[in-house]
Amino acid sequence: MDRPGDRVATEEYAKSIAGSKKIRWDIERDVLRGRDFDFSKKFLPDGISKIDRLEFLTTEEKLFLSQVQGRTYANMFGFVERFIVAKILELTRDHWLGDQVALEALVRFVDEELKHQELFRRIEEMMARGMPPGYGFAWDPNQVAAAVLEKSTWAVMALIYEIELFTQEHYQQSIEPDPNLSELYKDIFLYHWKEEAHHAFLDALEWPRQDQKITSAQRDKAVGELIGLVGEVDGILRKQVQSDVRYFQGNSGRPFSGKETDRIEEVVLSAYRWQYIFSGVEHPRFQELFRRLTTETQRELVGRALAPLAGPG
């Protein structure tokens with residue numbers, strides 16, 4: 001006999017299925033529609049790129065740096081969705097011979113994330129045709145995904161949840177309100193946001209479900225793994241900043257002083273850390289669920305680990 005809690009959970013998964021059906025979109029028909037990027041406009045708004053802090057850059061340089069950051073922003077999503085797909089596909093096993101509504105919801109989740117990966121591969125090719133040669137994004141998504149998936153499911157689900165929350169935060173707070181962005185770039189993240197919104201809804205069901213399976217000692221270990229994952233993300237960001245700034249400066253047509261270079265790297269690193277770490281972990285929905293699943297001591301450990309990353313920018 002089903003327990004009341006089981007029926008409530010099934011109803012929540014059913015809501016996700018209904019949302020998935022309602023907002024289903026196609027890459028070519030709905031997003032690209034035969035268009036290309038408008039390289040006379042910014043890709044990322046200043047609220048995400050933090051480029052407005054670089055007062056010594058010209059208008060044209062700020063435009064180009066927003067496009068460099070925007071290219072990395074898109075590549076990062078295609079990159080992280082590799083391990084998201086693998087982990088959510090793994091979670092479907094729990095529902096194979098059980099709640100078929102939950103199973104369908106997660107299978108739809110996986111299908112949509114695979115579509116997102118294809119979308120981001122397509123737009124990288126389009127950006128490459130319209131931007132100078134020499135851009136680098138050297139990360140192998142399979143290698144990184146394999147390293148992430150070595151960690152506990154609890155830690156990986158925490159990381160996935162914060163990622164899928166910040167995609168909504170960025171679109172709603174910065175991308176959607178800005179009328180001066182490339183229309184195609186803006187639409188890509190409109191459609192991405194539509195599906196990520198209900199993915200985060202499912203994360204908020206699956207992460208607590210995984211939490212119920214583990215002991216206090218295992219949760220302590222998982223919190224440590226989450227801290228390690230954040231550190232690994234930061235290592236990727238620091239190296240990508242160096243690559244992006246070199247590419248930007250190499251195609252700007254003028255030399256920069258050492259002080260200016262340091263400042264550009266400082267601002268871009270601050271922007272990337274906010275984009276991929278802080279805008280997720282500081283999101284109210286993440287904080288609410290994180291507080292529910294952790295102890296004060298565990299939260300203090302995470303806070304101390306994050307503090308050095310919140311430096312000047």
Testing the 3.5 Å rule here: is there a donor-acceptor pair between the side chains of [X] and [Y]?
X      : Y      : value
Asp234 : Tyr272 : no
Asp26  : Tyr191 : no
Arg219 : Gln298 : no
Ser152 : Lys221 : no
Tyr135 : Thr72  : yes
Gln249 : Thr261 : yes

Salt-bridge contact [X]-[Y] (side-chain N to carboxylate O under 4.0 Å):
X      : Y      : value
Lys151 : Glu232 : yes
Glu125 : Arg121 : no
Arg285 : Glu288 : no
Glu266 : Arg263 : yes
Asp94  : Lys213 : yes
Arg209 : Glu206 : yes
Arg82  : Glu113 : no
Arg33  : Asp187 : yes

Got a second to check how far [X]'s [atom1] is from [Y]'s [atom2], nearest 0.5 Å?
X      : Y      : atom1 : atom2 : result
Leu91  : Leu106 : CG    : CG    : 6.5 Å
Arg108 : Asp111 : CZ    : CG    : 8.0 Å
Leu57  : Ile264 : CG    : CD1   : 5.0 Å
Leu289 : Asp203 : CG    : CG    : 9.5 Å
Asn251 : Glu61  : CG    : CD    : 11.5 Å
Ile163 : His199 : CD1   : NE2   : 13.5 Å

Could Lys50 and Trp274 be counted as a cation-pi pair, given that NZ or CZ must be under 6.0 Å from the ring centre and within 45° of the axis?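 Verdict for Trp274: a cation-pi partner in Lys50.
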Is it the case that Lys115 places NZ or CZ above or below the six-membered ring of Trp25, under 6.0 angstrom from the centre and within 45 degrees of the axis?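 Checked: cation-pi criterion met.
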Quick check, are the ring centers of Phe109 and His198 under 6.0 angstrom apart?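 No, the ring of Phe109 stays outside the 6.0 Å limit from the ring of His198, centre to centre.
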Ring centre gap for Tyr171 and Phe189 strictly below 6.0 Å: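 Aromatic pair excluded; centres sit 6.0 Å or further apart.
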Can you get from Leu269 to Leu309 by hopping between Ile, Leu, Val, Met, Phe, Trp and Tyr side chains that sit under 4.5 Å apart?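 Leu269 and Leu309: one cluster.
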Scan the side chains in residues 174-184 for donor-acceptor partners under 3.5 Å anywhere in the protein, sequence neighbours excluded, and list what turns up.
| residue | atom | partner | partner atom | Å |
| --- | --- | --- | --- | --- |
| Asp178 | OD1 | Asn180 | N | 2.8 |
| Ser182 | OG | Asp38 | N | 3.2 |
| Glu183 | OE2 | Lys41 | NZ | 2.5 |

Do other residues, nucleotides or ligands put more than 12 heavy atoms under 6.0 Å from [X] [atom1]?
X      : atom1 : value
Lys22  : NZ    : no
Gln218 : CD    : yes
Lys62  : NZ    : yes
Arg93  : CZ    : no
Glu296 : CD    : no

Fit a plane to each ring of [X] and [Y], take the angle between them on a 0 to 90° scale, and name the class: parallel (under 30°), tilted (30 to 60°) or perpendicular (over 60°).
X      : Y      : answer
Phe79  : Trp139 : tilted
Phe290 : Phe286 : parallel
Tyr73  : Phe77  : perpendicular

Are any of the side-chain heavy atoms of Leu237 and Gln275 separated by less than 4.5 Å?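 The answer is no; the side chains never approach within 4.5 Å.
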Would Gln67 and Phe39 satisfy side chain to side chain contact (heavy atoms under 4.5 Å, CB included), going step by step from the backbone distance to the final call? CA-CA 8 Å; Gln67 292 171 353; Phe39 289 96; 3.9 Å; yes
Starting from the C-alpha separation in whole Å, work towards a yes-or-no answer on side chain to side chain contact (heavy atoms under 4.5 Å, CB included) for Phe166 and His283. CA-CA 7 Å; Phe166 74 58; His283 194 286; over 6 Å; no
Which is it for Ile27 and Asp30 under the side chain to side chain contact (heavy atoms under 4.5 Å, CB included) test, yes or no, and what are the steps along the way? CA-CA 6 Å; Ile27 292 174; Asp30 300 309; over 6 Å; no
Could you note down all residue pairs passing side-chain hydrogen bond (donor to acceptor under 3.5 Å, both in side chains) where residues 158-167 supplies at least one of them, sequence neighbours left out?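 Those involving residues 158-167 do not exist here.
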